[in-house]
Amino acid sequence: MQPLDAYAIGELKAIYQCLHACLPDQPALMDSALLQDLQRHLQQQASADGVDVTTHGEWARWLAER
């Protein structure tokens with residue numbers, strides 16, 4: 001398996017958004033280590049891009065950018 005930083009950021013964002021959208025129907029995903037690792041990785045990338053990930057609007061806008 002490759003580390004997360006080996007994948008294109010746009011691909012990771014799309015996968016994260018798909019998984020996150022499934023949470024209401026698949027609440028067990030909330031405890032998924034993979035989802036948590038992916039979120040942490042994306043938040044680190046967003047922070048490096050100057051995004052305040054604690055502000056939902058900024059985080060959502062950054063995720064929507066491909």
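These figures come from a predicted structure and were not determined experimentally.
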Query raised in the report: How far apart are the C-alpha atoms of K13 and E65, what are their side-chain angles, what is the distance that settles it, and do they pass the side chain to side chain contact (heavy atoms under 4.5 Å, CB included) test?
Result: CA-CA 8 Å; K13 288 179 180 183; E65 295 172 355; 3.9 Å; yes
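The stretch residues 46-63 participates, sequence neighbours left out, in these side chain to side chain donor-acceptor pair (under 3.5 Å) pairs: D49-W62, D52-T54, D52-T55.
Rounded to the nearest 0.5 Å, atoms NE2 (H41) and CG (L12) are 5.5 Å apart. Once rounded to the nearest 0.5 Å, the distance linking CG of D5 with CD of Q45 reads 7.5 Å.
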Acceptor/donor pairs from residues 30-38 side chains to any protein atom, 3.5 angstrom cut, sequence neighbours excluded:
| residue | atom | partner | partner atom | Å |
| --- | --- | --- | --- | --- |
| S32 | OG | L34 | N | 3.3 |
| S32 | OG | L35 | N | 3.1 |
| Q36 | NE2 | M30 | O | 3.2 |
| D37 | OD1 | R40 | NH2 | 2.7 |

